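Just so it is clear, the model here is predicted, and its values are computed rather than measured. Residue numbers count from 1 along this sequence. Order of appearance sets the numbers: ligands from 1, and atoms from 1 within every ligand.
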Amino acid sequence: MVVTLPAVFALRELQFLRIWPPLAANSFPAMSKPVCYSTKAFSTASASSPLSASTIERRAPTDKDVQIQIRYCGVCHSDLHFARNEWGFTQYPCVPGHEIVGRVTVVGSGVTKFKVGDTVGVGCLVDSCRTCPNCRAGLEQYCDNGMVMTYGSTDKYLGGPTLGGYAQSIVVTEDFVLRMPANLDLASSAPLLCAGITTYSPLHHWKVGPGQKVGIVGLGGLGHMGVKFARAFGAHVVLFTTSPGKAADAKRLGAHEVVVSTDEAQMQAQAGSFDFILDAVAAVHDINAYFNLLKRDGNLVLVGAPGKPLAVGAFGLIFRRRSFSGSLIGGLPETQEMLDFCGKHNLTCDIEMIRMDQINGAYERMLKSDVKYRFVIDMATLA
Ligand code: NAP
Ligand code: ZN
Ligand code: ZN
């Protein structure tokens, strides 16, 4: 199905879509509608409505599909951005959720990697073209022909948007299903599927390690995993927060130092000293303050995705030849590598379990930076 843009799209949204490939370029051919089944979910019909109980259709598993009974689903700030159309391209109905873990209940006849009863995960991707250079390199998140995201992409089987993990079950082609480490608590591992890989990937790609001073900005779902990974990779870790009350937790999670970013003197004391900074803030903020903290040739990598642009002053970058980069989740091979790393090092997320019907309150707390440090929905409560 070819994505058509509603006529009401303003230039600003079109510009945004150009830098956001999943919808802009996703133009897989439509398929004839397969056999479907119904499953319970939580969805929203508009940017201003709360999430509420609904019943959705999934395709019955085809040859290469795995059907998963969802046990837990993490709550990412992207779910909130998307449900409320803060990025300007949400199609409704919207079922968020891309930190999915559960048990395999059905496998198609051609499935070779999984069997019924396996404990598996699904992250932000459920398909891609699989033939472009990026897909062939295992970087499906940068697919030239438009990856299929777990929610909000065009569903090539059913038409309409793909529907995410705030649901009792999901059907995913086996190549986009991940194996969960058996030794880790399942609920606390769910957020690894997005918060984990989104922080692991840039730290790994830019080879963060011993001898480097690394900053993590924002102690939320992504940030707290950024702290854990940067510490596990051997760097000296400094956490920047707007919430002084999170300092003790940040140290417990692995930070060597904590800087309250609203305190000018504390920020000044760190000037010019960082090799690498990972910014995981969900709202518009002054990014220039962090350029000033980088050494010569230091790199600030943005993973946070606020709905409005960030202002970038030239001088913070051109003095000391600093770089400003971005990074999007991770591909399937790297996500499995990250999960295996977490299994080996006994790394999970710090979570607060909620019932499905607490989701709207959880979003409000997320907006107040009041999450310690990831909400995870117990999907058994969606009965
Ligand atoms: P989160 O749990 O809500 O954490 C965001 C943190 O940012 C807050 O806890 C807070 O930390 C800080 N913060 C919030 N408002 C702020 C403000 N006005 N100024 C400065 N700091 C502020 O969100 P998340 O789930 O970690 O997601 C973070 C961002 O990453 C979101 O925009 C999300 O969409 C994006 N994301 C991107 C990718 C990707 O592939 N690039 C993947 C997943 C998510 P303190 O209290 O410590 O200041
Ligand atoms: Zn996410
Ligand atoms: Zn591709």
Checklist entry - What do you reckon, does I329 have a nitrogen or oxygen under 3.5 Å from a nitrogen or oxygen of ligand 1? => result yes
Checklist entry - For H285, is at least one N or O under 3.5 Å away from an N or O on ligand 1? => result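 N/O-N/O distance below 3.5 Å does not exist for this pair.
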Next on the checklist: Both conditions, 6.0 Å and 45 degrees, for the charged tip of R322 above the ring of F291: are they met here?
Outcome noted: no
Need the ligand 1 atom indices (1-based, order shown) with element for anything under 4.0 Å from a heavy-atom of [X].
X    : value
C194 : 42 (C), 43 (C)
T241 : 45 (P), 46 (O), 47 (O), 48 (O)
L222 : 24 (P), 25 (O), 26 (O), 27 (O), 30 (O), 36 (N), 43 (C), 44 (C)
G218 : 11 (O), 47 (O)
V281 : 7 (O), 13 (N), 16 (C), 20 (C), 21 (N), 22 (C)
K246 : 9 (O), 11 (O), 45 (P), 46 (O), 47 (O)
V303 : 30 (O), 35 (C), 36 (N), 37 (C), 38 (C), 39 (C), 41 (N)

Checklist entry - N/O/S atom of C194 under 2.8 Å from the Zn ion (ligand 2), yes or no? => result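 Within the cut-off used here (under 2.8 Å), C194 does place an N, O or S atom near the Zn ion (ligand 2).
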Checklist entry - Is the distance between the Zn ion (ligand 2) and the nearest N/O/S atom of C76 smaller than 2.8 Å? => result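 A backbone or side-chain N, O or S atom of C76 is under 2.8 Å from the Zn ion (ligand 2).
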Taking NZ, NE, NH1 and NH2 as the nitrogens, is one of them in [X] or [Y] under 4.0 Å from a carboxylate oxygen of the other?
X    : Y    : answer
D275 : K295 : yes
D378 : R71  : no
R103 : D118 : no

Next on the checklist: For Y151 together with Y166, are the ring centres under 6.0 Å from each other?
Outcome noted: no
Next on the checklist: Centroid separation under 6.0 Å, is that true for the rings of F240 and F274?
Outcome noted: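 Yes - the distance between ring centres of F274 and F240 falls below the 6.0 Å cut-off.
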Item to check | ligand 1 contact on A280 by region, counting heavy-atom pairs under 4.0 Å | outcome: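 For A280, only backbone atoms sit under 4.0 Å from ligand 1.
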Next on the checklist: Checking a contact table here: which protein heavy atom is nearest atom 25 (O) of ligand 1, and how many Å away?
Outcome noted: R374 NH1, 2.6 Å
Checklist entry - Quick one: nearest non-hydrogen protein atom to atom 48 (O) of ligand 1, plus distance? => result T242 OG1, 2.6 Å
Item to check | I70 vs V101, side-chain contact (heavy atoms from CB on, under 4.5 Å): CA-CA, chis, key distance, verdict | outcome: CA-CA 6 Å; I70 302 175; V101 291; over 6 Å; no
Item to check | Contact with ligand 1 for H224, non-hydrogen, under 4.0 angstrom | outcome: no
Item to check | Angle, SG of C132 through the Zn ion (ligand 3) to SG of C129 - 10° precision | outcome: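 Taking the Zn ion (ligand 3) as the apex, I get 110° for this pair.
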